[in-house]
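Notes to accompany the following structure.
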Amino acid sequence: MSFPRRPLAWAVTLALAPSAWAIEPKTAEPTELEPSVISTSGLASKRHQMTTPAEVLEGDELVLRRESTLGETLESLPGVRSSSFGAGVGRPVIRGLDGARVKVLSDGVDVLDASTISPDHAITSEPLLAERIEVLKGPATLLYGGGAIGGVVNVIDRKIPTYVPEKGYEGELELRANSVANEGAGVFGITAGTGNFAVRAEGTKRQANDYEIPGSPGKLEGSYNDTDSFNLGGSFIGERGYIGLAYGEQNIRYGLLAHEHADCHTHGPGDWHCGGHGHGHAHDDDEHEGIPYVDMRQKRWDLRGELNDPLPGFELARLRVGHSDYQHKEIEEGEVATRFDNDATDARLELTHKPLFGWRGVLGAQTLRRDFEASGEEAYVPPTLTRNHGLFLLEEYTSGAWRYELGLRHEWQDIDATGAKDTRHSGTSVSAGTVWTFAPEYSLGFSLSRSQRLPTAEELYANGPHAATRTIELGSTNLDEETSHNAELTLRKFAGRTTFSVSVFRNEVDDFIHAADTGHDIGGGYREIEYRQQDAVLIGAEGEVRFQATQATAFTLFGDHVRGKLRDGGGDLPRMPADRLGVRLDHAFTQALNGQLELTRVQRQDDLAAYEDETAGYNLLGAGLSYSGSMEATNYLIYLKGNNLLDEKARNHTSFIKDDVLMPGRNLSVGVRLSF
């Protein structure tokens, strides 16, 4: 059994849950917790049994680490960063890969938003409503699609009840605030039920003003983030499983930082020219006058069900269906400049079969339909209808200290485009891995995979200006599948006073699709990029070592490194994360009061792509305190944490707008959470 790992960098969370730090006599062995089970693995494997690295955030640890975006919430995990496009947008970047190469899921199905289309589009997953977040690092294409050659983030929530509360109801309430943006946020949730039925209601509200930046008495104009959401769900729950349905809405409004609009026009296909800025600042009564902003709304339905012993020879059937009506408006000068509509459905069915000749596995099918349309000034992609279908199989076999895993997936994709050539692609992904538990507290995992990612509609059909990246984007319908060959080795010690996990990987990607600068001078401060294919390689290492010095005190050393290059003299890949190294001290003052102090060094990044500037290194200091207890039938958690206490000027190299936008300055956050 293992201690939970808590690596941190940007968002400094607090100490371990009090139950993990209960004070005992000094002669006692350190408390051990049950190892986390990774539901996203398909076979409910424990972390130390995984052939590739995985992380889990849940319980009080997740409560204390949550930030306003998913990327910020996860950024402190080894190998994970945030895309950092202002206060409203933070998409996870895993091992230097982002966008469509990192699949973000809502309990197994796509979030069905427009976040992969542009770096200034927000993910619709709300961290405040997450019960658990699982991160699979490295290719995870077998169960969730060929696009996930970077990794998978699965956000598990409670919108559809899976059990009836023992006392007929249960709920939670949380309020939090911070100083850097004068932010106030709250979340509530309540589940009630009787007999075989249970219902769930939950909602959030966040209002954050422009955040303060280091070395300046002012704030970063346009760095606000206003969000609200609600979900209503209900389930029928029987002895063998459940079936449930939920409906939810989410509204997000945030400023578009470094958004530069230019007067661009074309004289023919691929012949673009941009002049001076076509729009000035807005001059209306809006509180954030002068900054373009996004007004986003998503309406979503979810159907989920599980059934034990559904058929002879099968242990479990799992059904997941998500449908989204997504609308995203970019407002300039008080008017809608560009509008994105995404009507999408994702469905998957999994069947776990009983052991057959010693092999246990899961087989299933998945289908995705995405009807996307952009209209207005930045409609650089024509209306498209994407249909993607996949079949997959994942098998495991255990013999003594060895666990073997084999996987296979094949998928087909058709994209119908208005006014352009329709495209058809297919891809096959295979993987093989093994985990050797060579001692009671040690395991060694090794995996090999061949994964294929099919090109997206944006890469195939883009043709026009994109203000978020200040580029003219040119797609190509001649793009083929890109093929990743990944090898990974992970050494773990998962029990005892000293625990660690260290991974090294090499990911060679044939026909890597990238936005290549054409070198054409098109004016207006814009650059012309064209989606091309060239072989690439990414290599890296990540890990952490945790030492339980006493029953109350623990030290952790953590870090990560990744380097990405195009082959044949193509140079470095853009926006590769800078190296990190950090140390953290956790201490339990009493059974209820816990504290933490952490220092992280982010190195200078000077391995640069063409037309990219380096970012300086910086130090991040954080600290926190938490106090927990109970009052009658209500448990409470009170916490205080500080981020960037040195008020360092920091630029995140993974961000498209790093040259224009500083990360937030010194920040103090306070919160209280009640559960009953």
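- Side-chain atoms of Arg666 and Asn644 include no donor-acceptor pair closer than 3.5 Å.
- Rounding to the nearest 0.5 Å places NZ of Lys641 at 13.0 Å from CG of Leu625.
- Taking the charged nitrogens against the carboxylate oxygens, Lys658 and Glu612 do have a contact shorter than 4.0 Å, which makes a salt bridge.
- Glu542 has a carboxylate O that lies under 4.0 Å from a charged side-chain N of Lys137, or vice versa, which qualifies the two as a salt bridge.
- Between the side chains of Asn486 and Ser484, no donor-acceptor pair is found at a separation under 3.5 Å.
- A side-chain contact (heavy atoms from CB on, under 4.5 Å) with Met576 is found for one member of Leu538, Asp607, Leu608 and no other, namely Leu538.
- Between Glu508 and Arg450 there is no salt bridge, since none of the side-chain N atoms of the basic residue sits less than 4.0 Å from a carboxylate O of the acidic one.
- Partner His48 forms a ring pair (Phe, Tyr, Trp, His ring centres under 6.0 Å) with one of Phe438, Phe494, Tyr442, Trp436 and no other, that one being Phe494.
- Figure legend: cation-pi geometry between Arg101 and Phe512, with NZ or CZ positioned under 6.0 Å from the six-membered ring centre and within 45° of its axis.
- A cation-pi geometry, defined here as NZ or CZ lying under 6.0 Å from the six-membered ring centre and within 45° of its normal, holds between Arg575 and Phe656.
- Atom NZ of Lys649 has 12 or fewer heavy atoms from other residues, nucleotides or ligands within 6.0 Å.
- Looking only at atom types and distance, the side chain of Ser115 has a donor-acceptor partner in the side chain of Arg91 under 3.5 Å away.
- Under the 4.0 Å criterion applied to side-chain N and carboxylate O atoms, Arg348 and Asp346 are not assigned as salt-bridge partners.
- Going from atom OG1 of Thr352 over to atom CD of Glu315 covers 6.5 Å, rounded to the nearest 0.5 Å.
- We find the CG-CG distance between Leu581 and Leu599 to be 9.5 Å, quoted to the nearest 0.5 Å.
- The distance from atom CG of Leu645 to atom CG of Leu621, rounded to the nearest 0.5 Å, is 5.0 Å.
- Closest approach of Ser431 to Leu142, counting heavy atoms only: OG-CD1, 2.6 Å.
- Pairing each heavy atom of Pro53 with each of Glu488, the nearest pair is CD-OE2, 2.8 Å.
- Looking at Arg546 and Glu544, no side-chain N of the basic residue comes within less than 4.0 Å of a carboxylate O on the acidic one, giving no salt bridge.
- Annotation: the span from Glu58 atom CD to Ile156 atom CD1 amounts to 9.0 Å, rounded to 0.5 Å.
- Side chains of Thr553 and His587: a donor-acceptor N/O pair is present below 3.5 angstrom, by distance only.
- For the residue pair Gln452 and Thr483, a side-chain donor N or O sits within less than 3.5 Å of a side-chain acceptor on the partner.
- For the residue pair His653 and Asp613, the shortest heavy atom distance occurs at CE1-O, 3.4 Å.
- For His353 and Glu395, the side-chain atoms include at least one donor-acceptor pair closer than 3.5 Å.
- Inspection of the Arg132 and Ser39 side chains reveals no N or O donor paired with an N or O acceptor under 3.5 Å.
- The existence of a salt bridge linking Asp560 and Arg95 is excluded, since no basic side-chain nitrogen approaches an acidic carboxylate oxygen closer than 4.0 Å.
- Taken from CD1 in Ile149 to CZ in Arg453, the straight-line distance is 6.0 Å, to the nearest 0.5 Å.
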